[in-house]
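Down below is the structure, laid out as structure tokens.
Please read these numbers as outputs of a predicted model, since none were measured by experiment.
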Amino acid sequence: MAAHCRGTELDLSWISKVQVNHAAVLRRAQQIQARRSVKKEWQAAWLLKAVTFIDLTTLSGDDTFSNVQRLCYKAKYPIRADLLKALNMDDKGITTAAVCVYPARVCDAVKALKAAGCSIPVASVATGFPAGQTHLKTRLEEIRLAVEDGATEIDVVINRTLVLTGQWEGSDFIKTSTGKETVNATFPVAIVMLRAIRDFFWKTGNKVGFKPAGGIRTAKESLAWLSLVKEELGDEWLTPDLFRIGASSLLSDIERQIYHHVTGRYAAYHDLPMS
């Protein structure tokens with residue numbers, strides 16, 4: 001991700017003094033999840049907003065140029081043109097925030113996006129994704145090659161031993177998970193992370209970005225994530241420079257919900273052929 005921090009000395013005393021009220025965090029998470037979604041026009045507007053935060057992702061062992069090409073086309077045209085026209089949003093240039101692929105597929109993504117005539121960023125999960133346990137020299141080389149191939153954002157998987165042994169440093173973006181774990185983005189963990197971002201901003205003036213990833217599949221969930229970020233960090237963080245949602249199937253459900261809003265019925269499989 002693009003850097004935002006101007007740099008500040010690491011003060012480990014902040015971390016050693018941190019205490020988490022687990023019960024309060026769980027109550028806050030339940031509050032977010034139980035809240036009724038916004039309705040009708042407001043819901044459609046928020047769903048289109050959510051699209052602009054998505055890192056549209058494919059991280060499969062059988063990725064090929066053709067499925068990366070389809071992903072890139074979908075990133076540029078995330079919602080059917082007639083649906084956007086019905087909402088008077090067809091001239092707003094709505095795209096996903098980025099396309100996220102393995103390092104070996106970066107060239108494919110760059111080529112496909114160039115052919116589509118758009119400048120959507122290509123992000124890559126370099127550095128030994130998802131375990132982060134490869135040698136540092138190998139991980140740095142993987143980053144170098146991904147950037148050389150055209151990636152403008154790197155999702156770095158740190159060696160988690162650094163965390164377990166208390167070797168903390170600052171970062172310009174933090175992510176809940178790789179998306180490849182048994183449990184990925186959860187609201188209780190996100191609340192703790194967002195409040196750490198807020199505290200860091202208050203202490204240093206530096207804004208750190210936030211990316212939940214893994215298991216976010218429904219339009220309703222995406223609205224809850226937007227609400228959480230808005231309430232915990234404010235509108236300043238509701239920008240692709242500071243907030244991303246890592247997802248592969250979420251966009252399909254958002255498009256289905258917008259289709260329902262416009263037509264009054266849910267789409268059949270063939271109605272949204274790019275999903």
Side-chain angles (χ1 to χ4, degrees), residues 1-7 49-60 63-78 92-130 132 134 136-158 169-180 185 197 206-214 216 225 229 236-248 250-251:
M1 302 294 181
H4 299 96
C5 290
R6 295 186 296 276
K49 184 85 168 172
V51 168
T52 67
F53 297 130
I54 293 176
D55 281 353
L56 194 58
T57 303
T58 183
L59 296 172
S60 299
D63 281 339
T64 63
F65 174 73
S66 60
N67 80 293
V68 170
Q69 187 180 42
R70 287 196 302 272
L71 189 83
C72 291
Y73 186 87
K74 192 63 178 174
K76 183 179 181 183
Y77 303 106
K92 302 302 181 184
I94 291 174
T95 70
T96 65
V99 168
C100 186
V101 294
Y102 276 119
R105 301 263 73 93
V106 169
C107 274
D108 294 342
V110 170
K111 182 178 179 180
L113 289 168
K114 184 178 180 180
C118 63
S119 56
I120 298 170
V122 175
S124 184
V125 290
T127 65
F129 178 88
T134 52
L136 177 60
K137 185 177 180 180
T138 303
R139 293 159 66 205
L140 292 173
E141 180 68 3
E142 194 173 35
I143 292 174
R144 188 188 70 77
L145 290 171
V147 171
E148 190 176 272
D149 286 343
T152 54
E153 301 175 357
I154 302 293
D155 272 22
V156 173
V157 183
I158 63 169
E169 291 184 5
S171 179
D172 58 10
F173 237 89
I174 57 176
K175 187 175 176 179
T176 58
S177 45
T178 64
K180 295 289 188 179
I197 289 172
N206 294 329
K207 294 178 180 178
V208 172
F210 174 69
K211 179 177 176 178
I216 304 172
W225 283 104
V229 171
E236 289 179 82
W237 260 263
L238 287 180
T239 165
D241 286 339
L242 289 168
F243 176 51
R244 299 288 180 85
I245 300 173
S248 54
L250 170 62
L251 181 56

Report the C-alpha distance between R244 and E153 in whole Å, list the side-chain angles of each, state the deciding distance to 0.1 Å, and finish with yes or no for salt bridge (Lys or Arg N to Asp or Glu O under 4.0 Å).
-> CA-CA 12 Å; R244 299 288 180 85; E153 301 175 357; 2.8 Å; yes
Distance from I54 atom CD1 to L250 atom CG, nearest 0.5 Å?
-> 4.0 Å
Go through the steps to decide whether R139 and E142 satisfy the test salt bridge (Lys or Arg N to Asp or Glu O under 4.0 Å), and finish with yes or no.
-> CA-CA 5 Å; R139 293 159 66 205; E142 194 173 35; over 6 Å; no
Under 4.5 Å between any side-chain heavy atoms of D55 and T96, yes or no?
-> no
What is the ring orientation for Y102 with F129, classed by angle as parallel under 30°, tilted 30 to 60°, or perpendicular over 60°?
-> perpendicular
S124 side chain vs I154 backbone, donor-acceptor pair below 3.5 Å = no
Can you tell me which residue pairs pass the side chain to side chain donor-acceptor pair (under 3.5 Å) test with a partner in residues 103-123, sequence neighbours excluded?
-> R105-D108
What are the two closest non-hydrogen atoms of T52 and A97, and how far apart are they?
-> O-CB, 3.2 Å
Atom of C100, atom of L71 and distance for their closest heavy-atom approach = O-CD2, 4.5 Å
Write down the atom of I197, the atom of G209, and the distance for their closest heavy-atom approach.
-> CD1-O, 3.8 Å
Hey, is NZ on K92 packed in by over 12 heavy atoms from elsewhere, all under 6.0 Å?
-> no
Verify, without hydrogens or angle tests, whether T57 (side chain) and S248 (backbone) share a donor-acceptor contact under 3.5 angstrom.
-> no
Taking K175 for its side chain and D155 for its backbone only, find out whether a donor-acceptor pair lies under 3.5 Å.
-> no
Distance, nearest 0.5 Å, that separates CD of Q69 from CG of L113 = 10.0 Å
Do F243 and P212 have side chains that get closer than 4.5 Å, going by heavy atoms?
-> yes
Under 3.5 Å, is there a donor-acceptor pair between the side chain of T127 and the main chain of V157?
-> yes
Separation between CZ of F65 and CZ of R70, rounded to the nearest 0.5 Å = 11.0 Å
Looking only at heavy atoms, the pair that brings E236 and L242 closest together is O-CD1, 3.6 Å
Considering non-hydrogen atoms only, spot the tightest contact between G128 and T134 and give its length.
-> CA-OG1, 3.7 Å
Determine the minimum heavy-atom distance between D63 and T58, stating which atoms define it.
-> OD1-OG1, 2.7 Å
Could you check if a side-chain atom of F53 sits within less than 4.5 angstrom of a side-chain atom of L238, using non-hydrogen atoms only?
-> yes
T64 backbone acceptor or donor facing N67 side chain under 3.5 Å = yes
L145 vs P103 side-chain heavy atoms within contact, under 4.5 Å | no
